[in-house]
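No hydrogens, no waters, no symmetry mates; every other heavy atom, side chains included, goes into these values. Position 1 is the first residue of the sequence; numbering continues from there.
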Amino acid sequence: MEQKHSVNKVTAGALLITLGIIYGDIGTSPLYVMKAIFGDAPIETNLVLGAVSCVFWTLTVQTSIKYVWLTLQADNKGEGGIFSLYTLVKKLKKPWLIVPAIIGGSAMLADGFITPPISISSALEGLKIYYPELQTIPYVIGIILILFFFQSYGTKTIGKFFGPIMLIWFSMLAVTGLLQIIEIPHILKAVNPYYGYLLLSEHPEGFFVLGFVFLCTTGAEALYSDLGHCGIKNIRLTWLFVKLTLLLNYFGQGAFLLSHQNLQLKTVNNGAEFIQNPFYLMMPEWFIPIAIAIATLAAVIAAQALITGSFTMINEAMRLNLWPKVLVKYPSVIKGQLYIPSTNWILCMGCILIVLYFKESSNMEAAYGLAIVLCMLATSILLTYYMILKRFHTLIILGFILIYSIVEISFFIANIEKFSHGGYVSLIIAACIGSVMSIWFVGKRIRRSYTEFVPMEKHISVIEDLSNDESIAQYANNLIYLTNAQNKNEIESKVIYSILYKRPKRANTYWMLHVNVMDEPYGMEYDIKKFSEKIIRVDFYLGFRVAPKISSLFKKVVEDLSKTGEFNKLSTYHSLRKNQITADYKYVIIEKVISYENDLPWYESFLLSCYSFIRKRSISEEKAFGLDNSSVKIEYYPLFLNKNTPDFPLKRRS
């Protein structure tokens, strides 16, 4: 609650931080939207007014109303994003809602491969005004490499400059646009939605021009995803300023085009096609180098926001059993800031390949938008069920479904046209990410369905006898197992097998640890159940954004129990206890291996094979749970999925 209160406090500093964190993606859209709409199209009055009108109403209906006003209300203890929204609607007990969550999450992550290249390329291509033959690819790749290299150090230092830089950027958007509007105030007629209709009817691309218009709102999901970092009040207040500056710039670009209707944006230099950018063309020539520098910094901040958001999403996906366990680092003490090396370098290589494949931002525009519109559709589905959960008025729910079904399906159909021109790239990326999520989620469920649980009560006496049997060498003072048993009175048969049959393990205390992932982001609680003085179960209740550092959390539990007198943390060895030496702890992690003697349905066999392939390439359980390797024992337990003992005709020789 303290975190939620602090981020919602409106101060000048908080507003500046919000500008720096949230608006990089949507804030850099003026770099490429108008250029994309008019790349091949003639510059005519109706088309210019229509383009600006469509942008105006898209930002109003899609960003302002859907996201800033409505979706931000769907906060999960102050946190936002599609996975946070999914954890809220899970309460409705509709298992199929995991499908839009996976589609939306994978589409958002796919966006992270496109945004850095297109933003940085669009900014640097302004240099072609002075050097038409300049190859920007090496410079774009260089900036991307530097950006990803410094991720491991965190953004604590450079993050302080994000807010002021974005304030300068948005101020520049407003001023340069306003100067053009003053010259051609006729552009303000674009507020009339009728001109949007004219764009769709007269543009050479027809209805499909909406695919380029859609680019103006592609950063809207970031407003919701970063809710926990900034708070709803700060986002809503800063959006008023950001939207005003964006509209001033779009109207300004439109005014410039109205006054230059003979201009051909597409030019040819030495046989190579290049589309000039009205964003730079409307500026005084002396100011363009300054604008390019500011645009490049803003593009880097946009890329940084997507990278940081990708880390957060992968971390959430792991906690929700939608992603294999990967190494997570915490480069600074700032709450919520993390670094995932595998995600970082996969994103880096993906961004570089995007740059090498598409070469210029005008080519990337075709790949951009198709995946993110899927994310918006998925968010709309989950948001509908959230409104049902919160008992919104039926007319509001029906109105939302009707309006946004028409709007977002229209955007989806328009973006489909991009598929063969590069849109397939973003869909392939999203499909790969979604496949990993689906395989991991379903694979875990299949394995869990074949896991045998037994009543703990039946084994208490034999485990206590084992603990007291001095004829067996003591394995450890404290023997700790991680259990998936949701029922506190049950335990996996593999744990009993390990204690009694694998190799009898005598210990003074047997601990069963279970982690429950809560539907809130940052909760941290635990509960104790004592089966006896020698067998204790600890249930952790952790938020879906809390790293499961089991070793540290368990030490805290032991300290608490020691202070209350419920547990003696000193060693059971007399010489060590005499000198106040604490007891040793041994974790046993049991890896289930699927026996070849299984009679599985073909689809389960295929999914489990894929699951095992992915699992071998993720980090080990001990690293995932933050355990010290020196205190961990790995055991393998056969998961017999076919329990029918074959009746072999085996006979003893006489």
Side-chain angles (χ1 to χ4, degrees), residues 1-29 59-60 63-81 84-85 153-175 178 219-249 294 297-309 311-312 330-338 520-524 543 545-546:
M1 295 297 293
E2 194 174 311
Q3 170 77 1
K4 183 177 178 180
H5 174 75
S6 63
V7 298
N8 267 314
K9 189 175 181 181
V10 177
T11 64
L15 293 172
L16 196 61
I17 289 170
T18 304
L19 277 181
I21 291 177
I22 288 182
Y23 298 106
D25 193 357
I26 198 168
T28 52
S29 60
L59 287 174
T60 300
T63 311
S64 296
I65 297 176
K66 178 187 173 183
Y67 282 95
V68 177
W69 176 67
L70 186 57
T71 309
L72 288 182
Q73 296 181 44
D75 71 298
N76 189 345
K77 305 290 184 181
E79 292 294 328
S84 292
L85 182 57
Y153 298 99
T155 57
K156 182 179 179 181
T157 303
I158 59 174
K160 296 176 182 177
F161 301 101
F162 285 3
I165 290 171
M166 292 307 291
L167 180 60
I168 294 170
W169 166 254
F170 287 120
S171 300
M172 185 187 81
L173 293 183
V175 172
L178 186 59
E221 281 285 338
L223 302 180
Y224 182 41
S225 297
D226 287 318
L227 175 61
H229 292 106
C230 302
I232 188 170
K233 293 179 182 177
N234 288 307
I235 293 174
R236 284 178 170 172
L237 282 173
T238 50
W239 173 244
L240 295 175
F241 168 72
V242 170
K243 183 182 179 183
L244 176 62
T245 62
L246 290 174
L247 290 177
L248 284 173
N249 194 265
I294 298 172
L297 289 173
V300 169
I301 293 171
Q304 177 62 55
L306 263 293
I307 295 166
T308 304
F311 293 159
T312 302
Y330 301 86
S332 75
V333 295
I334 299 174
K335 186 173 185 179
Q337 187 171 116
L338 44 85
E520 63 179 80
Y522 292 112
M524 293 182 71
R545 287 193 174 178
V546 176

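- A pairwise comparison of heavy atoms in Trp169 and Thr28 identifies CZ2-CA, 4.1 Å as the closest pair.
- A pairwise comparison of heavy atoms in Arg236 and Trp69 identifies NH2-O, 2.7 Å as the closest pair.
- The main-chain N or O of Val68 is never found under 3.5 Å from a side-chain atom of Trp239 such that the two would form a donor-acceptor pair.
- Listed by chain and number, the residues in a side-chain contact (heavy atoms from CB on, under 4.5 Å) with Ile165 are Phe161, Leu297, Ile301 (sequence neighbours excluded).
- Evaluation of the side-chain contact (heavy atoms from CB on, under 4.5 Å) rule for Thr18 yields Ile22, Tyr23, Cys230, Asn234, Ile235, Thr238 as partners, not counting sequence neighbours.
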Apply side chain to side chain donor-acceptor pair (under 3.5 Å) to the pair Ser64 and Lys243, showing each step before the final yes or no. CA-CA 9 Å; Ser64 296; Lys243 183 182 179 183; 3.3 Å; yes
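- Side chain of Thr71 to main chain of Lys66: a donor-acceptor pair is present (N/O by atom type, distance under 3.5 Å, no hydrogens or angles).
- The main-chain N or O of Thr308 is found under 3.5 Å from a side-chain atom of Thr312 such that the two form a donor-acceptor pair.
- For the pair Val10/Leu237, a side-chain contact is recorded, criterion being any heavy-atom separation below 4.5 Å from C-beta on.
- When every heavy atom of Leu173 is checked against every heavy atom of Leu246, the shortest pair comes out as CD1-CD2, 3.9 Å.
- Contact annotation: the side chain of Tyr224 approaches that of Leu85 to within less than 4.5 Å [non-hydrogen atoms, C-beta and beyond].
- Residues Met166 and Ile21 form no side-chain contact, since every pair of their non-hydrogen atoms from C-beta on lies 4.5 Å or further apart.
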